[in-house]
Enquirer: 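Below are the C-alpha cells for one structure; questions will follow.
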Amino acid sequence: EAQVTQNPRYLITVTGKKLTVTCSQNMNHEYMSWYRQDPGLGLRQIYYSMNVEVTDKGDVPEGYKVSRKEKRNFPLILESPSPNQTSLYFCASSFFDRGPNEQYFGPGTRLTVT
Amino acid sequence: GQNIDQPTEMTATEGAIVQINCTYQTSGFNGLFWYQQHAGEAPTFLSYNVLDGLEEKGRFSSFLSRSKGYSYLLLKELQMKDSASYLCAVRSNDYKLSFGAGTTVTVRA
C-alpha cells in the first residue's frame, strides 16, 4: 500500500530533551516536506527537500533540523525542544516535475513539550 | 512566504451548494491546491489549478484567476460527510507550499 508513515504518533517530552520524528514514504517520491499545524494558523512549512541531500527552509525553520540521506526517509530533529514547539506535525511527499504533484500526507505526530 | 486568505467558517444545509473563496499574494506562482481535512486526520488532495479557469471533479469544482490572485472551491449537493476543513495552498516557483488557515464547513441536516 502506497503510504507515508510517521513515528511516533504521539509524544510527550520535556524542554531540552533532543528528539527525532521519523518519516518514510514508499512511493519513490523526490519531494518531501514537514509541516506544523496550530489552531488558527493552519499548516506551516518547516523544511522541504526536492531530492537526496537537498533541503531548504520553509516558513518556520527555527528550532528544527532535517536530513535527507535516502530518498524514502526525511527525519525531523528537534535538538532542544521548547514548549512553543508543541504542535501537530505532518510529513508529506510528492513527485517532482510531474503535473500537479499533489502531496500525500502522513497521519501526523502530536508533540507536547512541557 | 505567501499571503493566503480564506474565511474561517461556513455553514450550509445538506443538498445545498457552498463556495469557499481564497485570495493570495505570491512572488512567483506555480499552482494552487485545495485539500480536505477531517478533524483529527491528515489533509487529502481535492484539486489543482495552474491555468485560469474551472476544473470540475464530480461534486467538487475549483476555479482560478491568476490576474486577480483568486480561487474558489465549489462543493455541490452537500453531504454530511463533507463537514471538514478545506485548505487552500499556493505553490511558489521555488516549490515552497504555503497554506491558508483553512475554512471549516459544517453541513446541517
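Quick note on labels: first sequence line is chain A, next is B, and so on, each numbered from 1. Bear in mind that the values here come from a model prediction, so they are computed numbers and not experimental data.
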Enquirer: Are A:Leu111 and A:Trp34 connected into the same hydrophobic cluster when the rule is that any two of I, L, V, M, F, W, Y join if their side-chain heavy atoms are below 4.5 Å apart?
Expert: yes

Enquirer: Considering non-hydrogen atoms only, spot the tightest contact between A:Phe90 and B:Glu41 and give its length.
Expert: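 Shortest heavy-atom contact: CZ-O, 3.8 Å.
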
Enquirer: Side chain, backbone, both or neither: which part of A:Tyr35 has a heavy atom under 4.5 Å from chain B?
Expert: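 It is the side chain, since no backbone atom gets that close.
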
Enquirer: B:Ala42 and A:Pro107: which non-hydrogen atoms are nearest, and at how many Å?
Expert: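 Taking B:Ala42 first and A:Pro107 second, the nearest heavy atoms are CB-CA, 4.4 Å.
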
Enquirer: Looking at B:Tyr35 and A:Gln103, would you say the former's side chain and the latter's main chain have a donor-acceptor pair under 3.5 Å?
Expert: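 Checking the backbone N and O of A:Gln103 against the side chain of B:Tyr35, a donor-acceptor pair under 3.5 Å is found.
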
Enquirer: A:Tyr31 vs B:Tyr95 aromatic rings, parallel, tilted or perpendicular, using cut-offs 30° and 60°?
Expert: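 Tilted.
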
Enquirer: Does A:Arg110 have more than 12 heavy atoms from other residues, nucleotides or ligands lying within 6.0 Å of its CZ?
Expert: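 Open.
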
Enquirer: Please classify the contact between B:Asp94 and chain A as side chain, backbone, both or neither, with a heavy-atom cut-off of under 4.5 Å.
Expert: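 For B:Asp94, the contact with chain A is made by backbone and side chain together.
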
Enquirer: Considering only heavy atoms, which portion of A:Leu43 lies under 4.5 Å from any heavy atom of chain B: side chain, backbone, both, or neither?
Expert: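 Both parts, backbone and side chain.
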
Enquirer: Please examine the side chains of A:Ser33 and B:Leu97, heavy atoms only from C-beta on, and report whether any two atoms are closer than 4.5 Å.
Expert: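 Contact flag for B:Leu97/A:Ser33 side chains = no.
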
Enquirer: With rounding to the nearest 0.5 Å, note down the distance linking CG in A:Asn101 to CZ in B:Phe45.
Expert: 10.0 Å

Enquirer: From B:Tyr48 OH over to A:Glu102 CD, what is the distance, rounded to the nearest 0.5 angstrom?
Expert: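 Taking OH in B:Tyr48 and CD in A:Glu102, the distance rounds to 10.0 Å.
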
Enquirer: For the residue pair A:Gln45 and B:Lys96, what are the closest heavy atoms and their distance?
Expert: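 Heavy-atom minimum between the residues: OE1-CA, 3.5 Å.
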
Enquirer: Count the heavy atoms of every other residue, nucleotide or ligand shown that sit under 6.0 Å from CZ of B:Arg59, and state whether that count exceeds 12.
Expert: yes

Enquirer: Report yes or no: do B:Ile4 and B:Trp34 belong to one cluster of Ile/Leu/Val/Met/Phe/Trp/Tyr joined by side chain heavy-atom distances under 4.5 Å?
Expert: yes

Enquirer: Is there a continuous path of hydrophobic side-chain contacts, each under 4.5 Å between heavy atoms, that joins A:Tyr64 to A:Leu11?
Expert: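 Yes, A:Tyr64 connects to A:Leu11 through the hydrophobic network.
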
Enquirer: More than 12 heavy atoms of other residues, nucleotides or ligands under 6.0 Å from NZ of B:Lys57: yes or no?
Expert: yes

Enquirer: For A:Ile12, I'd like to know if atom CD1 has over 12 heavy atoms of other residues, nucleotides or ligands within 6.0 Å.
Expert: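 Count not over threshold, so no.
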
Enquirer: Do B:Phe60 and B:Val107 land in one hydrophobic cluster if side-chain heavy atoms of ILVMFWY residues count as linked below 4.5 Å?
Expert: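 Yes, same cluster.
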
Enquirer: Are there over 12 heavy-atom neighbours, none belonging to B:Gln79, within less than 6.0 Å of that residue's CD?
Expert: yes

Enquirer: Which pair of non-hydrogen atoms, one from A:Gly40 and one from B:Ala101, has the smallest distance, and what is that distance?
Expert: O-CB, 3.7 Å

Enquirer: Is B:Leu87 close to chain A through its backbone or its side chain, or both, or neither, when contacts mean heavy atoms under 4.5 Å?
Expert: side chain

